[in-house]
Structures are given as structure tokens and as C-alpha cells.
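Beneath this line is the structure, given in C-alpha cells, with notes to follow.
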Amino acid sequence: MTRFPFLKQDFAASLVVFLVALPLCVGVAVASGVPAELGLVTGIVGGIVTGTLRGSSLQVSGPAAGLTVLVSEAVREFGLPVLGVIVLATGVLQLAMGALKLGRWFRAISVSVVEGMLAGIGLVLIAGQLYALVGAKAPASGLGKIAGLPGALLDALLSTRALASLALGAGTIAVLVLWKHMPRVMRTLPGPLAAVGVATLVAVILGLPVATVEVKGLLGSIQPPSPSAYGELADVGLLGTIVAFTLIASAESLFSAAAVDRLHDGPRTEYNKELMAQGTGNTVCGLLGALPMTAVIVRSAANVQAGARTKASRVLHGVWLLLFAALLPSALAYIPIPALAGVLVYSGAKLVPLRALVALWREHRGEALILLVTAVSIVAISMFEGVLIGLALAIVKTAWEASHVRLEVIDKGAGPVQAYLSGNATFLRLPKILESLEALPQDRPVELDLTGLHHLDHACRTALENWAERHSAAGTEPVRMTSGG
């Protein structure tokens, strides 16, 4: 026991994480449009492969609700055989970024962009899974999903089968919402497992006419990419999807690591090594044709709260998932799909930071606007374009704020007008600077002091010189410009 001093705590925590991960692995796979077993494969790899590597010692990796929308879009556009190629390429890119020590730069991504990304994912996920709650097929686009919801719900009211499915899904969500108010003894069982378990028992006992998970068997579901699938890498659209997978999976994992670090007092995350650990896991998942993985905050928080002390807990959780997939795969066939949809609707709702948005709007409206625009763009256009729009807005906002410039004018009524420029004079603030200078009296000499400027870009310098020539041409004394250095 001296070699494994925390084995008891880690063993107990691994069981809790396994029970949390099981319904989520299956639910994410079904929602992504792939066999349920592939979600378990990714969970197994996240535990046994990524779990053994250095990076963040207590965060747990596996299939994430945050990638569901992107995966389902990729499967619909390129087909399931190509998914492995996308995930494999994502893993290789993550390994390269980790080797180049780019992991820390993901911490520089605007929090508003990441929260907007998660909010957009959450909204599309909720909209899509509401169709699964009533046993209907969801439209392809985010806007189509939202626009078609009223009609789908009205149709459900006219169908006994759809009503049974809706009731079971709504009951699952109710259990998840109320679970934190249950007695402590009951709460030893994770909420998602309890909700899906209750829904499964109700469906079996009452014989409800609802869709259940289709079981193919673990080995039957694993389909390594064929040589022809790699030929799809010549498709520009596929390359864009790979970049989106890499950006979103890496950002979500490293932001999750930062959040998990705040939950415990153990070793801090080594970001570049964590990025390489995620890359290794995704490379293996890609070779197996499975779902992409990220670090998942729900499982990671459950791991810490259950008393985990070392990485042994997450490795063991992968072992329990492997044993379940190998010994009890037929048990999946009893799980109702509306119950899994209910779990994902609940998970999607937690991705939408309503409280944070209200607080952000009061204190930093620019950041709140970036969050909103990113989320709306993801819903209205697509995941990749939405994230790019958010990043572009964040860069523009940062550049605008970095170009703070102050013009102070002192006019004593006689003699030259004194103007002092201080701060950072860039082309972004050029219109404001010129407008103020052109408002100075044309019949008075001007002394323009630039010694307070930290930075003066070429566009501003040229524009100031041109203004000085125009002002001097009006018949007054030439403008005197004093610059620093």
C-alpha cells in the first residue's frame, strides 16, 4: 500500500466517475448519430490511455456534450467512416501543438468567446435533443432546429407514442433537476445514472412504446478508417472541420483543466503536457474510428468531489467502462433514447451561462456582446464560423482598447494653442484624433506635443504631418510638433 497510498480513495472515486460517465458516453454517442458503443470506446481510451499520461492529474477525459453538434454535422456531411480520420488528424495536431508548447496560448483565448461557444453549442444541443424527446427527426441546421420546434411539439400532442416519449424525457429532466434536493444517502448515486435508471425501469415495467439504444457490440462498432477514407483529407471542407475539432476540443480541455485546478490543492496542470495527452487520446480514438475526446468538467468535478487523489481514479474508471462494454453490452438495449435526450437537454442548459451573461452585461458590455454574437453565430451559421467570428470580435475589441489615446488642448486665449497627445496613437483612433485637431482655431498657431505617446504608428504619423501642412497653409505660423526620443 505504500506504493499506492491513496488507493482506497481513488478506487471509490473511480466508481463514482464510472457511474457518471456511463450514461453520458452513451448519450453523447446516440446524439452524435454514431453507435452507442463508440461513446464507450472514447470513454475507455480517455481513462486508460489519456488517464495514464502527465498533464492534469485529476481531470477526466471522454466524449463531451460540447462536441456533439460538431460531430453530428461531420458525420452527416462526410459519413461515419471519415470520422476516424477527422479525430486522428485532430489528435496529431494537438500533439504537434503540445510539442511546440502552444498549450499555454489557449489560456489567452477570450473567456467570452469560449463561453459564447459553449452557449451556442448548448442551444443547438437542446434544440436537437428536444426532437429526440418526442421521437422526431431533427432538421440539419441550427436555425432549422429552432424554427421547427413548435410544429414538432404540436405533432407530438397528437401521437400516443410521441407523448409517451416526451413524458419519459421530461421525467428524466425532472429527476436531474430535483436530485440535488434528495437525501444524502440517495445522492451517493450520480444524478445522470439515477435519472436514466429510473426512466429505464419505468419504460420496461409499463412497456412504453419508446425507442431504445441500438446495440451492435463493442467489436462490431469499432471501424478503423479505411485507406480510401484518408483520401478525403484533400477536401478543403474536411480540413476546416479538423481545425474546428482541434480548436474547440483543445480550448474546452484546457479551460476545464483551469477550472479543475481551482477545485483541489494538488499538483497544477502542465498545459503543454495536457494538450499532448489529449492529442494521444484522440489519435488512438481516431485509429479506432471512435468519437473525439475532451476533458469533461462534469466528470472531472465528480472525480475531485469523490475524494480522488491521483490519476489512478481516472484510469480505473476506464477499466470499469471496458468491463461493462465487454460483459454487459446488451444492457444498453434497455435504455430509452428519450431518457438520454433528457440528460443531454439538461447538460446543454448548463452550457448556457445566463447568470454570468447578466453580470457581464452590467460590468463589461463589450465582453457580453462578444459572448452573444458568438453564440448566435454558431446557431445561425455553423460551429466553425461562429467561433471564428467570436475570435475576430475579441481581437478587434482588444486592439481598440489597446489604442487608448488622449488629446488635451490648452487655449489661454492668446498665443499658440497647446495640444498634448498621450497614450497609443494607432489607425483605429485616427478619425477621433483628426476630428479634434481639425476643430482647433484655423487663425491661431498650434504647438502639438507628442512626447506623451507610447506608440505612434505610420498611418497616424503621416496623417498628423498632413494635418500640420494643411493648418499651416491657412496663413498662420507653421505647426510646431514636438516628439519624444
Side-chain angles (χ1 to χ4, degrees), residues 1-25 39-64 91 94-95 98-99 101 103-104 106-107 187-193 249-250 252-285 290 292-326:
M1 289 293 288
T2 53
R3 189 178 175 187
F4 302 102
F6 303 112
L7 184 59
K8 183 178 178 182
Q9 295 95 318
D10 289 334
F11 181 85
S14 73
L15 290 173
V16 172
V17 179
F18 160 68
L19 295 174
V20 171
L22 180 60
L24 291 174
C25 286
L40 293 175
V41 171
T42 299
I44 292 164
V45 174
I48 297 176
V49 177
T50 304
T52 59
L53 301 175
R54 296 179 65 185
S56 175
S57 60
L58 296 182
Q59 80 169 353
V60 184
S61 300
Q94 288 180 313
L95 283 169
K101 303 189 182 303
R104 58 182 178 159
F106 277 88
R107 300 172 69 189
R187 282 188 279 120
T188 54
L189 196 66
L193 185 71
S250 302
E252 191 169 342
S253 292
L254 297 182
F255 271 84
S256 171
V260 173
D261 279 352
R262 292 195 290 270
L263 298 177
H264 67 90
D265 299 322
R268 302 293 91 180
T269 296
E270 298 176 77
Y271 285 89
N272 294 314
K273 289 179 180 176
E274 178 61 21
L275 192 55
M276 294 192 76
Q278 294 294 324
T280 303
N282 274 319
T283 301
V284 174
C285 286
M293 75 164 55
T294 72
V296 187
I297 189 62
V298 174
R299 270 161 261 184
S300 303
N303 190 37
V304 174
Q305 290 161 4
R309 303 293 293 275
T310 72
K311 65 177 70 172
S313 62
R314 60 189 191 181
V315 176
L316 284 172
H317 119 275
V319 173
W320 308 142
L321 284 174
L322 176 60
L323 290 174
F324 177 87

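Just the heavy atoms: all of them, side chains too, but no hydrogens, waters or symmetry mates, feed the values below. The first residue of the sequence shown is numbered 1, and numbering continues consecutively from there.
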**Message:** As a quick check of understanding, evaluate side chain to side chain contact (heavy atoms under 4.5 Å, CB included) for I48 and V319, giving each step before the final call.
**Reply:** CA-CA 7 Å; I48 297 176; V319 173; 4.3 Å; yes

**Pair C25-R299, side chain to side chain contact (heavy atoms under 4.5 Å, CB included): steps then yes or no** = CA-CA 11 Å; C25 286; R299 270 161 261 184; 3.8 Å; yes

**Request:** Just do the side chain to side chain contact (heavy atoms under 4.5 Å, CB included) check on V260 and V304 with the steps written out, would you?
**Result:** CA-CA 8 Å; V260 173; V304 174; 4.1 Å; yes

**Request:** Apply side chain to side chain contact (heavy atoms under 4.5 Å, CB included) to the pair V20 and L193, showing each step before the final yes or no.
**Result:** CA-CA 6 Å; V20 171; L193 185 71; over 6 Å; no

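If you take OG1 on T280 and CG on L275, they are separated by 9.5 Å, rounding to the nearest 0.5 Å. How far OG1 of T188 is from CG of L15: 11.5 Å, rounded to the nearest 0.5 Å. In this structure, M276 CE and K101 NZ are separated by 8.5 Å, a value rounded to the nearest 0.5 Å. Atom OG1 of residue T310 and atom CD of residue Q9 lie 9.0 Å apart, to the nearest 0.5 angstrom. How far CG of L321 is from CG of L19: 9.5 Å, rounded to the nearest 0.5 Å. Between the CZ atom in F324 and the CG atom in L22 there is a gap of 5.0 Å [rounded to 0.5 Å].
Looking at N303, its side chain never comes within 3.5 Å of a backbone N or O of A308 through a donor-acceptor pair. Formation of a donor-acceptor pair under 3.5 Å by the R54 side chain with backbone atoms of K273 is not found in this model. Counting only distance, with no hydrogens or angles, the side chain of R314 and the backbone of A312 share no donor-acceptor pair below 3.5 Å. The backbone N or O of V49 lies less than 3.5 Å from a partner atom in the side chain of T52, making a donor-acceptor pair. Using a distance-only test at 3.5 Å, with no hydrogens or angles considered, no donor-acceptor pair links the side chain of N282 to the main chain of P292. A donor-acceptor pair is defined here as one N or O able to donate and one able to accept, closer than 3.5 Å; such a pair exists between the side chain of S253 and the backbone of A295.
Summarising the geometry of G103 relative to N272, their closest heavy-atom pair is N-OD1, 2.7 Å, with the distance given to 0.1 Å. Y271 and L254 get closest at one heavy-atom pair: CE2-O, 3.6 Å. Contact record, A302 with V17: C-CG2, 4.4 Å, taken as the closest heavy-atom pair. Between T42 and G62 the shortest heavy-atom distance is CG2-C, 3.9 Å. Listed here is the closest heavy atom pair of K311 and L53: NZ-O, 3.5 Å. What you find for T269 and A257 is that their closest heavy atoms are OG1-CB, 3.6 Å.
Put simply, the side chain of V296 does not reach to within 4.5 Å of the side chain of V60, judged on heavy atoms. Side-chain contact between D261 and L58 is absent, with no heavy atoms from C-beta onward closer than 4.5 Å. Side-chain atoms of S61 and Q278, non-hydrogen and from C-beta on, do get closer than 4.5 Å to each other.
A donor and an acceptor atom, one from each side chain of S56 and E274, are nowhere located under 3.5 Å apart. S256 and Q59 are linked by a side-chain donor-acceptor pair at a separation below 3.5 angstrom, with hydrogens and angles left out of the test.
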